[in-house]
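Here's the structure, in structure tokens; my notes come after.
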Number of protein chains: 2
Amino acid sequence: MRTADPELHRQRRQQIVGAAVELFATKGLAKTTTAEICRAAGVSTGNLFHYFPSKLAIFYALFEVDRDEWDELFAATAADPDPWAGLMRVVDQLAADAAHPVLAGLLVEIFAQAHRDPECAALVAEGDQRMLRGITALVERLVADGRADPVVPPPDAARWVLTTTDAFHTRGYPEPDRDRTTEIAQAKRVIARLLGHPEGR
Amino acid sequence: MRTADPELHRQRRQQIVGAAVELFATKGLAKTTTAEICRAAGVSTGNLFHYFPSKLAIFYALFEVDRDEWDELFAATAADPDPWAGLMRVVDQLAADAAHPVLAGLLVEIFAQAHRDPECAALVAEGDQRMLRGITALVERLVADGRADPVVPPPDAARWVLTTTDAFHTRGYPEPDRDRTTEIAQAKRVIARLLGHPEGR
DNA sequence: GTCTATAGAGGGATAGAC
DNA sequence: GTCTATCCCTCTATAGAC
């Protein structure tokens with residue numbers, strides 16, 4: 001008898017998810033057909049449904065990748081003795097994600113889906129809470145060190161940091177004269193001013 | 001011969017668009033069928049396509065309503081002798097739109113569509129530019145009056161105002177403990193601080 | 001008589017089920 | 001791989017205004 005190989009299983013799932021990401025981002029969830037995903041991933045229909053029960057399940061699997069990456073980054077910032085540097089690393093990562101065409105397209109698709117699908121909304125909420133916890137911890141350390149004096153309590157301030165980084169996402173249209181570098185620098189100054197950090201003066 | 005009636009034409013288009021808005025917002029563009037729109041609007045298939053060449057054309061028509069409303073508001077703020085009061089009216093309007101469940105759902109759908117449809121992206125860009133022009137004018141008046149000292153030039157500051165108001169939008173999941181009133185007050189303080197207006201101190 | 005508004009059946013394409 | 005269902009849109013037809 002043939003036993004299940006967990007490593008192969010994980011690899012096949014990864015292969016399918018990787019192929020689906022690009023399709024979801026460019027065509028949208030509704031307009032992406034399972035047949036296309038099969039073609040892109042190089043698996044048969046039957047095989048695809050062996051690894052995922054539905055098209056939506058593939059979509060939801062995307063969240064796992066994101067979760068693992070952010071857990072890793074926040075662990076690093078927690079270990080960093082300088083909370084401001086850690087916060088700036090978070091900002092840089094968010095900027096990098098927003099500049100990534102596939103990820104950016106995927107995100108708007110995820111928000112649209114979350115607005116009408118409670119399961120997707122729960123996954124988004126979970127990710128958001130994780131982000132907010134991580135950033136709040138950094139802000140609290142800044143306040144404790146006497147290096148910040150935010151207009152609002154740290155949890156709210158953390159939310160404002162996320163709002164600020166939302167500026168990295170275009171509203172769906174390309175802005176040709178966009179300078180990502182100065183944009184990030186501006187965002188950091190804005191955050192500094194919001195948090196009452198010396199760099200915002 | 002029978003002549004075209006512009007008023008009837010306008011009315012029928014409005015009727016169709018009005019019915020479609022809700023469907024687009026709740027089900028999404030792709031999952032809304034023209035048959036459903038017909039049923040909701042109380043018109044036949046043939047009639048619907050007499051007024052709009054395609055389903056997408058109905059979607060695009062939504063932008064016209066938005067444009068007219070904002071033109072009106074910005075005309076009012078331009079006439080208002082107090083630019084700060086005008087800016088706060090803009091913020092209030094943006095907050096009201098974000099709190100409106102149908103409009104909020106529609107907006108994420110529009111952004112998702114814009115990410116893969118250049119025509120939609122152009123319409124979004126046009127609306128954005130209009131918003132930025134209006135806000136920039138208000139910021140410039142504040143600076144001229146010596147009532148503001150933004151960290152960045154007025155056009156960039158206007159962009160940051162819009163980014164701040166993005167906080168009003170949910171990320172697609174219900175946030176039960178959300179207090180819209182204090183949220184708006186916070187946003188106004190944040191904007192004041194960004195612009196270097198006295199209320200941000 | 002000609003053009004507009006409306007209606008609804010069905011074509012052509014395609015997705016998903018079995 | 002076949003079969004059914006569905007969807008966007010076209011086409012033809014009718015009623016009535018000018």
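Just so it is clear: chains get the letters A, B, ... in the order the sequence lines come, proteins before strands, and each one is counted from 1.
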Pairwise N/O distances under 3.5 Å, protein to nucleotides 12-18 of chain C:
none

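For B:H50 and C:dT6, the shortest distance from a side-chain N or O to OP1 or OP2 is not below 4.0 Å. Remark: B:N47 is in phosphate contact with C:dA7, judged by side-chain N or O atoms under 4.0 Å from OP1 or OP2.
The CZ atom of B:R39 sits 15 Å away from the P atom of C:dA7 (whole-angstrom rounding). The separation between B:L8 atom CG and C:dT6 atom C1' is 11 Å, rounded to whole Å. Following rounding to the nearest Å, B:L48 (CG) and D:dT10 (P) show an atom-to-atom distance of 12 Å. In this structure, B:I58 places its CD1 atom 9 Å from P of D:dC9, rounding to the nearest Å. As a whole-Å value, the separation of B:Y51 OH from C:dT6 C1' is 8 Å. Rounded to an integer number of Å, the gap from CD1 of B:I37 to C1' of C:dT6 is 18 Å.
In summary, A:R116 and B:E109 engage in a salt bridge, as defined by a charged side-chain N under 4.0 Å from a carboxylate O. Here A:R171 pairs with B:D166 in a salt bridge; the nearest charged N to carboxylate O distance falls below 4.0 Å. Salt bridge status for B:R10 with B:E7: present, with a side-chain N to carboxylate O gap under 4.0 Å.
Just one residue in the list A:R159, A:R67, A:R133 forms a salt bridge (charged side-chain N to carboxylate O under 4.0 Å, His left out) with A:D128, and that residue is A:R159. The side-chain hydrogen bond (donor to acceptor under 3.5 Å, both in side chains) with B:Q15 is formed by just one residue from the set B:Q11, B:R13, B:R12; it is B:R12.
Between B:R141 and B:D80, the shortest heavy-atom contact is NH2-O, 2.8 Å.
In this structure, B:G46 and B:H9 both approach DNA chain C, and ranking their closest nucleotides by distance from the 5' end singles out B:H9. Nearer to the 5' terminus of DNA chain D, by closest-nucleotide assignment, is the contact made by B:L29 (compared with the other of B:T3 and B:L29).
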